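Contents: one structure, followed by commentary.
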Amino acid sequence: MFNQAQLIAEIQQAADQVQLHSNKATELFKNALIDTVTHTVTPQNTTDIFVATGDIPAMWLRDSTFQVLPYLQLIQTVPQVKTLIQGVLNQQLAYVRHDPYANAFNQTASGAHYTTDSSNIPISDLVWERKFEIDSLCAPLHLAAQLYQTSGTTEHLTPEFWQTVALIMATFIREQHHETSDYVFNRPDCPPSDTLSHEGHGAPIGYTGMVWSGFRPSDDACQYGYLVPGNMYIVVVITELLALIGAENIDQPELVGAMTTLKEQIETGIADFAVVRPTPTADPIWAYEVDGLGHVNLMDDANVPSLLSAPFLGYCSIDEPLYQQTRGFILSPANPYFYAGQFLAGIGSPHTPPHHVWPIALAMVGLTTSNLAAVTAQIDLIAATDNGTLQCHEGVHVDNPAQYTREWFSWANMTYCQLVFHYLALKAKA
C-alpha cells in the first residue's frame, strides 16, 4: 500500500543527509527532491499513481518517467520508492492501452484538452493531447527496466505488462511505414511547430527501418519524420527488455522475435541514414532528424531523448567517437539551438524563445561525463539559474537569470537531482 506521507518523510530524511559543495546547490537539491513527490504525485487508487508535469495539470508519459526516475537512487534505503514507481508505471501503461498515440493525459476523463479546437482527429475525454511521440512509448518501458535493474523486483512484469509491450511494439512496427498509418494531426490557427504538414500526415518520407515520429520530445512537430534520438531510445528499451526476458526466462518467443527484428532494422537505419558529415571534410556525426529521402536536420534540442543524452539513456558509451564528434557539434554555435551569453551557454529549444538555455540540457552535459570538476560546474551553473525560487525552470535567458519560462517544471527539477546523484556517485569513487 502506497503511503505518501511516509514516502515524503523518508525522502526528506534522505535529502537532509546530503551536503554539497555549496549551500545554494544543496538547498536547491533538497527542495527539488521533495517537491515532485509532495506536489505532483496523486494516488488514483490502490494501484495507480498520477504525476502532473508541474504547472500544467496533465501527466506526460515521458515527463513522468524522468520525474520519478531519480528516486530509484534511493530505493535501497527508502522502500516506499518501489511502490511509487510501480504505481506510476501502472498509470502510464493504462494510459498507453487507452491510446498509444497520445502523449499526455488527464487525471480523470474530464474532457480537458490542450486546446478547445475540434479540428483534430477524435480525442477521448481522458486524453489531454494526442501528439504521437515515439519517446512517450519508450519512457514507461525504460522505467520498468530500470525498476527491475535497481531492485530486482518482478512484481510489475505481469501478463498485462507484456501485453502493453506488445501493443507498443506493434505501434512502432506500424509506424515504420507511416504512409499506411491512419494517424493524422491537423490543428488550425497555430504555429507550424504545433501541427503536422501535408494535411496532418507530416512531410514525405522514405523507408529507412526507423520508426516515424510526428513530434519531438519538446512536443514540437518533427521537420523530418525520423527522429534519431527517439529511435536510439527504442533501441535502448528493446535491449533492456530482451535482457530482462533472458534473465528471468520469460516465455515470449513471438515478442522477442518482433523486438529483435525491429531493433536490428532501426540500428541499420541509423547507420545508413543518420550518420552524416556536416561538411565534406568534417568528422561524421549523428543527425537529429532525417526523412530517408536525402534530407537531414543537423541540430539538437534540450528535451530528452536528445543526441546529447545518448550515453545517459544507454545507447552508447561516453567515449564512443561518433558520440564525441556529435557532442562537439551540438555544444557549439554550429547547433542552431546552442546559445551563449554573459550568464549561460548551452542548448535551448525552438519550443522556447531564442537565447534561452534549458537547465535540463545543462544537467545532461554533466550526466554525460565522468569528470567530477565538470559535473560540479554544471551543478553550480544550474543552481544559479533559479532566480531565488528554488525551482529549475524550463528555459533561462543567457544574459539574465531573472528572465525564464515556466515557474514550476518538475522534470527540470528532477533532472537536476539526477545530476546531483551522479555527482555523489563520482565523489564516492574519487
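What you see is a predicted model, and the numbers here were worked out from it, not measured in a lab. In this chain, numbering begins with 1 at the start of the sequence shown.
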Does the side chain of [Y] come within less than 4.5 Å of [X]'s, by heavy atoms?
X: Gln80; Y: Thr83; answer: yes
X: Leu424; Y: Gln73; answer: no
X: Trp212; Y: Phe132; answer: yes
X: Asn90; Y: Gln44; answer: no
X: Trp408; Y: Asp35; answer: yes
X: Met414; Y: Leu33; answer: yes
X: Val235; Y: Asn231; answer: no
X: Tyr337; Y: Tyr288; answer: no

For the pair [X] (side chain) and [Y] (backbone), establish whether a donor and an acceptor sit closer than 3.5 Å, ignoring hydrogens and angles.
X: Glu394; Y: Tyr404; value: no
X: Asp291; Y: Leu293; value: yes
X: Asn103; Y: Lys131; value: yes
X: Asn106; Y: Asp125; value: yes
X: His198; Y: Pro204; value: no

Steps toward side-chain contact (heavy atoms from CB on, under 4.5 Å) verdict (His201, Glu179): CA-CA 8 Å; His201 294 278; Glu179 67 278 4; over 6 Å; no
Derivation of the side-chain hydrogen bond (donor to acceptor under 3.5 Å, both in side chains) call for Ser124 and His98: CA-CA 9 Å; Ser124 86; His98 179 79; 2.6 Å; yes
Could you check [options] and say which one makes a side-chain contact (heavy atoms from CB on, under 4.5 Å) with [X]?
X: His356; options: His351, His393, Gln403; answer: Gln403
X: Thr415; options: Val304, Leu69, Leu367; answer: Leu367
X: Leu307; options: Ile285, Asn335, Thr326; answer: Thr326

Phe66 and His142 aromatic ring geometry - parallel, tilted or perpendicular at 30°/60° bounds: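 Correct class here is tilted.
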Please determine, by modelled atom types, if [X] and [Y] share a side-chain donor-acceptor pair under 3.5 angstrom.
X: Thr352; Y: Ser349; answer: no
X: Ser181; Y: Arg174; answer: no
X: Gln67; Y: Thr36; answer: no
X: Ser218; Y: Asp220; answer: yes
X: Gln92; Y: Ser64; answer: yes
X: Thr47; Y: Asn45; answer: yes

side-chain contact (heavy atoms from CB on, under 4.5 Å) assessment of Thr195 paired with Phe215: CA-CA 9 Å; Thr195 189; Phe215 295 85; 5.7 Å; no
Full working for side-chain hydrogen bond (donor to acceptor under 3.5 Å, both in side chains) between Glu248 and Tyr148: CA-CA 11 Å; Glu248 294 298 317; Tyr148 170 80; 2.6 Å; yes
NZ/NE/NH1/NH2 to OD/OE distance under 4.0 Å, Asp301 and Arg216: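 No.
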Heavy-atom closest contact ([X] atom, [Y] atom, distance):
X: Ile123; Y: Glu129; result: CD1-CA, 4.2 Å
X: Tyr224; Y: Glu289; result: N-OE1, 3.3 Å
X: Ile382; Y: Cys392; result: CG2-SG, 3.8 Å
X: Cys138; Y: Phe172; result: SG-CZ, 4.0 Å
X: Ile234; Y: Ile134; result: CD1-CD1, 4.1 Å
X: Gly200; Y: Asn186; result: CA-CB, 4.0 Å

Crowding at CG, Asp182 (>12 non-hydrogen neighbours, <6.0 Å):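 For Asp182, atom CG is not crowded (no more than 12 foreign heavy atoms under 6.0 Å).
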Stepwise side-chain contact (heavy atoms from CB on, under 4.5 Å) check, Ile168 with Val165: CA-CA 5 Å; Ile168 290 171; Val165 173; 5.7 Å; no
Point-to-point distance, once rounded to the nearest 0.5 Å, from CD1 of Ile205 to NE2 of His177: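 Nearest 0.5 Å value for the CD1-NE2 distance: 9.5 Å.
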side-chain contact (heavy atoms from CB on, under 4.5 Å) assessment of Asp219 paired with Asn303: CA-CA 9 Å; Asp219 299 334; Asn303 291 264; over 6 Å; no
For Phe29, all residues meeting ring-ring contact (aromatic ring centres under 6.0 Å, His included), sequence neighbours excluded: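 With sequence neighbours excluded, Phe29 shows a ring-ring contact (aromatic ring centres under 6.0 Å, His included) to Phe421, given in chain and number order.
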side-chain hydrogen bond (donor to acceptor under 3.5 Å, both in side chains) between Glu407 and Gln391, worked out: CA-CA 7 Å; Glu407 184 77 19; Gln391 296 285 337; over 6 Å; no
Derivation and outcome, side-chain hydrogen bond (donor to acceptor under 3.5 Å, both in side chains), residues Arg327 and Thr368: CA-CA 10 Å; Arg327 182 185 179 94; Thr368 50; 2.6 Å; yes
